[in-house]
Asks: 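Dropping the structure in here first, questions after.
Numbered from 1 within each chain, the chains take letters A, B, ... in sequence-line order. Remember, predicted model here, so these are calculated numbers, not experimental data.
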Amino acid sequence: MTERVDHGLLGRDFARKDGIARVTGQERYTVDVSLPRLLHGRILGSPYAHAIVKSIDASAAVAMGATVITFADVPQAKFNQRIITIPPVLHKDHQVLYDKARRMGDAIAAVAAETEELAEAALRAIKVEYEVLPVVTDAFEAMKPSAPRIHDRILWGEQEIEIKNNIACARTVDEGDADKAFKDADVVVRETFDLPKVYHAQMETKSCVVRPEPNGGLAVWPTTQSIHNVRIILGQIFDIPLSKIDVRRVPIGGTFGSSIQMNSPIPICAALALKSGRPVKLTLTREEDAHDHSRYGCRIDLALAAKKDGTLLGAKMEVTVDIGAHNIQAYSFLGVAVGWLVSLYRLPNVRYRGTAVYTNKAPSCAMQGFGNPQVTFAAEQLIDILAEKLGMDPIELRKKNYVGLGDTFWGQGQQVKSIVRSDGVPQLLDEGAKRIGWGRRCGVAGQNRMNGERFCRGIGMARGFHTSSAGAPQPGDVIDFSGALVKLNVDGSVDVVTALMDHGGGTLEAIAKLVGETLCVPFDLVNVADVGTTTTVYDCVTHATRGVYAGGGAAVKAANSVRKDILETAAKFLNMYPDALDLRLDAELGQGVVYAPSIPDRKISLKEIATRCWSESWKTIAAVESYRPTSCPPAYVAVFLEVEVDTWTGAVRTVNAALGADCGTVVNPAMARGQLEGGLSKGVGYALIEGCAWCDDGQLTSRGFPMDAKIAAFDESPRVENLQTYFAETYEPTGPFGAKGIGEAAMNPVAAAYGNAIANAIGHRFTKLPILPEDIVAALADGGGKR
Amino acid sequence: MPKKKTALRVNGRQHELALDPNVSLLQALRDLGYTDVKNGCEIGECGACAVLLNGTAVNSCMVLAWQANGAEIVTNAGLGTLDKPHPIQEAFADVGAVQCGYCTPGMIISTKALLDRNPNPSEAEIREALSGNLCRCTGYGQIIEAVQLAASRLQAERLAVAAMPTASLTRECGDGGSHSPGGSGAVATPQASLTGERGHDGSRSPSGLSTGDRGSERGQR
Amino acid sequence: MSLPQFEVQQPQTLGEALKILSEVKGAEPIAGGTNLMVDMRAGTHQPRVVVDVAALRDLHGIEVTDTEVIIGAATTIAEMLESPILAKHATVLVKACSSFANALIRNRATVGGNLVTAAPCSDTAPALLTLDAEVKLASVRGMRRVPLEKFLVNAFSTIRRSDELLVSVRFRIPSATATGAFRKMGLRKVSCMAKVDVAVLLDGDTTGRCTSARIALAAASPVAVRARAAEAALVGKALTPEAIAAAAALAAKAAAPRAGSEYKLRVVEALVRRLLAEAALALTRGGSNA
Ligand SMILES: Cc1cc2nc3c(=O)[nH]c(=O)nc-3n(C[C@H](O)[C@H](O)[C@H](O)COP(=O)(O)OP(=O)(O)OC[C@H]3O[C@@H](n4cnc5c(N)ncnc54)[C@H](O)[C@@H]3O)c2cc1C
Ligand code: FES
Ligand code: FES
């Protein structure tokens, strides 16, 4: 799309535009938004994980001066909090407030009052009579005919459907002839993997501020990854024209996928604001937040068939997903799960069965990788198992079978297919092997332990990828496009207006660089504007590692239109043909300059062009573009680890780590490194310490306390000098300036790499996460037979 | 519930408050507009709410506001400003130790407390001093590097100051912000000399105690 | 989220504080607040009156006499970590303090609050148990001294009466050769609650014979305990690997974790063995101090 030019902005670290605001504590997050006459909202969450509301008496709360809303006061139509899937295949079981609780904390009522304390007192004054129902917290129990029914009827598109056996939805994929492949195979390996639900533990809990506007509309400051989708859903629920809803982009204190959907406090806050006629702030407590969302838990039964020489023939996979109490995106999850598998390795014959099941637990939603870490945990361990069975080096086996250059790749499920056009996998594998010292790896797993040593070291690796966006050559079930507006100001500076969110990974920073690079404008003259939905064109959502690739694509497309306009305008001013002109950054002027390569001294600066356009009352040079990525290139990663297992206590220490990524052109080196290291930290949490547990009554055993939910702290990361990051040198022809994504990819293979390294260290393979010290000690006591 | 009179000196500004006894220091500070003090959990586990209380880093969610009566409080925003960030703040921005930024104010407060007592910490000492601060985004490596960079920049600054005539000392070795009490080489401000617990060299007794009058008790021990 | 409502009393002297505790119904002390604030938010503690004891002079300071070390109940974990007195006489306690919570919590949390809470995973309790510590309780009725082992009754339960304040903890200075060791095993490497805590304090003569052994465990039973049988098995014996292994096996018997935590027994045994070996080795090098 763009030829390779380099004006020096890409690949260099600049002081981050929002960096100083963040470090000096000036950044304003949703929780910091303050408005005159602001009321404080609180939610009355169900204290039972499954219960019918028989009656509510809120008179005492009203008498205290609080605004109260219950089921009867709010629109009752069902919706889905997430609208990335096209409407006809969207499952809708959410409501603003519920008359039946399906998880602990489902919102039954809400109040707004002058102070937080008064709001809490008002909540306590609301009397609710519940009919408590039996609770089911296990997906397999939930499918039994005797299990309590969590949902009776929900909407599928506009059609009402009945939910049977708590199965929210199911998908199957058959490609080729899997049975034949398994019959023809020399070797078959098979294993069952169990992956827990995990709490996102983003540092800022879900929050929202809504101000009712005099025209009947709403101004909204939410925690979200998609201001436009929040606007559309609010418009649908409350039947307000979208032109009257302005959803502002607010910095967000972490999300990791948990704000792709419209967060549950948002419509509640809107309803409170509409009823009270005053602005309302509603922020979840940590405990409420922990009941509100989690990573998909699943059981994966995976089998691989191979020839003696290591060539993979096919796979059979069954995935059973615990989606919790509400269906946020189970249908897409089931679709992508198989996509991740067949995009990791060339598997001509596949049989896949995916089932999503309701339970009375926190709703599952995307969390960094959207099913990819789960599937990669299974696939990458099974590849190691296969390598061992074949007597092959695990890296060789991977090289032989991975989906790379020229292969078809399923970005996000069967409909999002494209061809791989840049492939850094061999570089990642070779460089990682060198950095970790693959040669030191003991071929016999658990050798040290057999020698009776207390501390056993092991080396292991796993590879993975994530798609950059969900782009594809034709429309599918997934909505994926971006938009941006770029304009040249009279002084030669540039405004970029985009609805993209920055999760902190530097997405907006990258956008500024890409636009600066296209227009030859110095970085500090590119402004990424503060925006809302009324001032931006649609951008679906900053997820799927699409920010830089797709959002950047839109910005570059708009910048190129501006560039074209600049050249044409300059051509008029210079009395030349536009094709005879070019743009460069003039170091002396500190500005972009249009010049004629063929005629020395014929030049005009951007400032002069824009100023003339203005003073001659002619125009603003600006462009707005939408951009649909037609490809979704894989950002590849490889994780190499050396771990040390204390066989006495079961403690695992990360001795060395080498994290490699192929994200095409590296736009922000320091931030790319931050993504990899952050991925390792969340990955080690997933592998070794995290995992939500629920009591039989549907209460979280952690009650939402982060210490019990155990996210990784400082010392889960290896010593700084033992943590290496590196990047493959590739150029993605479909990406802006050769860039692909990186964000989610970073975490995908981490847990699998731990599984493989621990297996190498002690000779026992764990198929269930997290791998706790007690599991390790127990396994060793049992002789550690499982390989 | 009778109100408690509470005097807080925050980032050099005096606040005389009458608060309900159950108001936490975190809530009091945020209500006063010090929103750089973040609420991540309200149960002492994340460190996002960390502030310096008489020079000691504590979780403000674990302190009742009246317990801090008479105390000198420094929040991250009190260390530096947008125009003149503190060297620690600058180091965090330069190294890329900031992603979503929600943990950052607390991280910087713990760093400040560390570097005030140990200007040249090892990696292990950094990990230990920041052990109460959680970050979900960065994976911690770049935070450690930011602390190291800040330490070396502050060292260099001190050396440069040492080489200067004393007259300029007052101005040069302040802590960045115009009203920033405490800190390495802080000149005895009126309030510092009142509590009498901070010498010219910025040394202070290790303490978790919270009020100024307790500070003087500590002196007698 | 706001805290429940309560009133505040800030007594200036110990006497005043004791009077409030005896006269005011529903009064509860607060020191560092790191337990009480959490419990109040969770609704498990709802004091009517909160009595600030952190400022009481009598509850502060770490002192050493000819025979004893005395630690005021309101001393913070951070202060203990930096105390030269403890560094000299009670490294086992300093080590426990260094694995306690995290840097921010240690600046508030007090030893008194830790002992009165009597959580199964208290980090100071096992270290103080190996020092044969005694606690001093005061009320308007007078003072009493109780061995820590008797003070701790069960999970979250002590013999303290509601009108009593914990004033101090004291222990006899261990012999100059006695050697202490402490290890905490938790899920995370820092800032975590213990899954198992082990503290040991060993003394021996120059021939390598054990003259005194104290072993304490936390988080492996409802409340911190001494492993008396294991101690007895060591005293008078040479500190050979076999003797140490046998003692470690006995120590595991002193643990009584909840059902389903058999893992803890294995870890207790492994850690006791490890710590005894470390301490024994240090002893042969002339010992350090506790
Ligand atoms: C994030 C976090 C991590 C933690 N990690 C650890 C850890 O690793 N190890 C560990 O052992 N603990 C840990 N704790 C628990 C807690 O910090 C300790 O128990 C601490 O020592 C309590 O002391 P405090 O002064 O804060 O007690 P407070 O909360 O002030 O009081 C606790 C209880 O003791 C009573 N009390 C306090 N002082 C006295 C007194 N002098 N006389 C009579 N009663 C008194 C109070 O009335 C209250 O009931 C942690 C807590 C948090 C929040
Ligand atoms: S908010 Fe205080 S420690 Fe988390
Ligand atoms: S930068 Fe997001 S939590 Fe630390």
Asks: Under a 4.5 Å cut-off applied to non-hydrogen side-chain atoms, are I689(A) and R188(C) in contact?
Replies: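 Heavy-atom side-chain distance check passes, below 4.5 Å.
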Asks: Any chance you could measure L780(A), atom CG, to R266(C), atom CZ, to the nearest 0.5 Å?
Replies: 9.5 Å
Asks: Do other residues, nucleotides or ligands put more than 12 heavy atoms under 6.0 Å from the CG atom of N154(C)?
Replies: yes
Asks: Is the closest basic N to carboxylate O distance between K195(C) and E774(A) below 4.0 Å?
Replies: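 Yes, this pair counts.
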Asks: Heavy-atom distances under 4.5 Å only: say whether V684(A) touches chain C with side chain, backbone, both or neither.
Replies: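 V684(A) has no heavy atom closer than 4.5 Å to chain C.
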Asks: Look only at the side chain of R42(A) and the backbone of M1(C), and say whether a donor-acceptor pair between them is shorter than 3.5 Å.
Replies: no
Asks: What part of Q5(C) is in contact with chain A, defined as an atom under 4.5 angstrom from a non-hydrogen atom: side chain, backbone, both or neither?
Replies: side chain
Asks: Output yes when a side-chain donor or acceptor of Y263(C) lies under 3.5 Å from a complementary backbone atom of T649(A), and no otherwise.
Replies: yes
Asks: Would a distance-only check, ignoring hydrogens and angles, find a side-chain to backbone donor-acceptor pair under 3.5 Å from E120(A) to S2(C)?
Replies: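 Answer holds: yes.
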Asks: For the CZ atom on R454(A), are there more than 12 heavy atoms of other groups (residues, nucleotides or ligands in this structure) within a distance under 6.0 Å?
Replies: yes
Asks: Return yes when atom OH of Y48(A) has more than 12 non-hydrogen atoms of other residues, nucleotides or ligands closer than 6.0 Å, and no otherwise.
Replies: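 Open.
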Asks: How close do L688(A) and L187(C) get, counting heavy atoms only, and between which atoms?
Replies: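 In terms of heavy atoms, the two residues are closest at O-CD1, 4.1 Å.
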Asks: Side chains of E269(C) and W648(A), heavy atoms from C-beta outward: is any pair under 4.5 Å?
Replies: no
Asks: Just how far is it from atom CG of D646(A) to atom CG of L271(C), taken to the nearest 0.5 Å?
Replies: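 The distance works out to 8.0 Å.
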